[in-house]
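Read through the structure below, which is laid out as structure tokens, and then see the notes.
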Protein chains: 2
Amino acid sequence: MRSDAQALKGHLDVLLLATLEDGPRHGYAVKEALREGSGGRFDLPTGTVYPALHRLADAGLIAGTWSVTDGRRRRSYRLTAAGKRKLAGERANWREFAAAVTTLLEGVPWPATS
Amino acid sequence: MRSDAQALKGHLDVLLLATLEDGPRHGYAVKEALREGSGGRFDLPTGTVYPALHRLADAGLIAGTWSVTDGRRRRSYRLTAAGKRKLAGERANWREFAAAVTTLLEGVPWPATS
DNA sequence: AGCAACATGTAGCTATCCTACCTATCCAGC
DNA sequence: GCTGGATAGGTAGGATAGCTACATGTTGCT
């Protein structure tokens, strides 16, 4: 198994929320946005994406509405107000987390974000 | 539960290996190095640190030797050759992972490492 | 004597990501 | 007309690994 197979643990939610920031997307489109936006690195199986979206919906962070386009049923998700707050918090959290890890690994402070 | 309780999943090993890069340390010292080097963010419970060190030792990435100092028994770990190679690979892997996540979150490419 | 810091460890829980599988539509190629 | 791939949604079960809670013992301060 790839050593980083579980590397997303704890960081998937913020990525999913971020893909919905610039407008609603359905599940498959979220999966594609993640794959393309990461240069193919995050090519997640549907068994990861759909349950995670359900989890976020249950938590009230995203809201889904069914629709039918070209005979294909889709569930479009959009960020809720709580989801937007969560995204902002998790984004800040990622920056701090990444800064801490990078400092420990490189022995130098993180490149300033300013 | 803290939202980032599982955030280390998949990234702990590289941090542990990195703390041993500048010389041998015993388990408790590794734990302290992680806590201090991260500004208190990674204050890991012993139930995380010791099993992880055992895992790395079983994998041949670090080697431990017992000693006694001031009546306290200590197990000092040092990086093996395989551990050094692993650290280099995982360090590169972290940079790529962090770059991919940051790109997705910030909408801009990662600061060049070159 | 009591308590914090030092030092090491294990058993069991839990979160969550992955594997493997299923259904169904649309369209291009044969 | 049929097959296969891309699109679109989903679930069940397994595996990994960090966390909680607990156990043991020493040193040193009050």
Side-chain angles (χ1 to χ4, degrees), chain A residues 1-17 19 24-36 38 41-59 61-62 64-77 90 97 101, chain B residues 1-17 19 24-36 38 41-59 61-62 64-77 90 97 101:
Chain A
M1 169 180 307
R2 296 214 329 288
S3 62
D4 63 339
Q6 317 269 324
L8 275 175
K9 278 270 167 83
H11 305 293
L12 177 59
D13 289 6
V14 67
L15 293 179
L16 294 175
L17 293 173
T19 63
R25 274 197 174 95
H26 60 280
Y28 195 86
V30 167
K31 173 176 141 52
E32 288 301 292
L34 239 41
R35 189 175 57 79
E36 286 162 23
S38 68
R41 187 180 181 93
F42 300 144
D43 192 2
L44 308 179
T46 65
T48 293
V49 175
Y50 291 117
L53 288 172
H54 297 334
R55 216 173 356 97
L56 292 175
D58 287 345
L61 302 175
I62 62 178
T65 45
W66 283 103
S67 65
V68 176
T69 305
D70 291 327
R72 283 198 186 92
R73 64 198 244 284
R74 287 175 170 176
R75 180 135 75 171
S76 248
Y77 292 101
E90 288 302 299
F97 173 80
V101 173
Chain B
M1 171 178 311
R2 295 211 332 285
S3 60
D4 62 341
Q6 316 270 321
L8 275 176
K9 277 269 167 88
H11 305 294
L12 176 59
D13 288 6
V14 67
L15 293 179
L16 295 175
L17 293 174
T19 61
R25 272 197 173 95
H26 60 280
Y28 195 87
V30 167
K31 173 175 142 53
E32 287 302 291
L34 240 40
R35 188 176 59 79
E36 285 163 23
S38 67
R41 187 179 182 91
F42 301 144
D43 192 2
L44 308 180
T46 65
T48 292
V49 175
Y50 290 114
L53 289 172
H54 296 334
R55 218 172 356 96
L56 293 175
D58 287 345
L61 301 175
I62 61 178
T65 46
W66 282 104
S67 65
V68 176
T69 306
D70 290 328
R72 284 198 185 92
R73 65 196 244 284
R74 288 176 170 177
R75 179 135 75 170
S76 246
Y77 292 100
E90 288 302 299
F97 173 80
V101 173

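In the text below, chain A, chain B and the rest are named by the order of the sequence lines, each starting its count at 1. Both backbone and side-chain heavy atoms feed into the values below; hydrogens, waters and symmetry mates do not.
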Subject >> Value in whole Å for how far the C1' atom of D:dA6 lies from NZ of A:Lys31 >> reply: 11 Å
**OP:** Quickly work out the B:Asp58 CG to D:dT16 P distance and round it to whole Å.
**Re:** 14 Å
**OP:** Using a 4.0 Å cut-off on protein heavy atoms (strictly under), produce a 5'-to-3' string for nucleotides 3-9 of chain C with B for base contact, S for backbone-only sugar-phosphate contact, and - for none.
**Re:** ---BBBB
Subject >> Pairs touching residues 49-58 of chain B that satisfy salt bridge (Lys or Arg N to Asp or Glu O under 4.0 Å), sequence neighbours left out >> reply: B:Asp13-B:Arg55
Original post:
When the distance from CG of A:Leu34 to P of C:dC17 is rounded to whole Å, what number comes out?
Top reply: 12 Å
Distance-only donor-acceptor pairs under 3.5 Å for side chains of residues 45-53 of chain A, two or more places apart:
none

Subject >> Nearest-Å distance for atom pair CG/P, residues B:Leu53 and D:dG18 >> reply: 11 Å
Original post:
Pick the nucleotide of DNA chain C nearest each of A:Asp70 and A:Asp13; which residue has the one closer to the 5' end?
Top reply: A:Asp13
**OP:** For A:Phe42, check ring pair (Phe, Tyr, Trp, His ring centres under 6.0 Å) against everything at least two apart and list the hits.
**Re:** B:Phe97
Original post:
Who are the salt bridge (charged side-chain N to carboxylate O under 4.0 Å, His left out) partners of A:Glu36, not counting sequence neighbours?
Top reply: none
Subject >> Atom-to-atom span, CG of A:Leu8 to P of D:dG18 - whole angstrom >> reply: 15 Å
Subject >> B:Leu44 and B:Leu12: CA distance, side-chain angles, deciding distance, side chain to side chain contact (heavy atoms under 4.5 Å, CB included) verdict >> reply: CA-CA 10 Å; B:Leu44 308 180; B:Leu12 176 59; 3.5 Å; yes
Subject >> Short side-chain N/O contact to C:dA15 OP1/OP2 from A:Arg55, under 4.0 Å >> reply: no
Original post:
How would you list, by chain and number, every residue that makes a side chain to side chain contact (heavy atoms under 4.5 Å, CB included) with A:Arg74, sequence neighbours excluded?
Top reply: A:His26, A:Ser67, A:Thr69
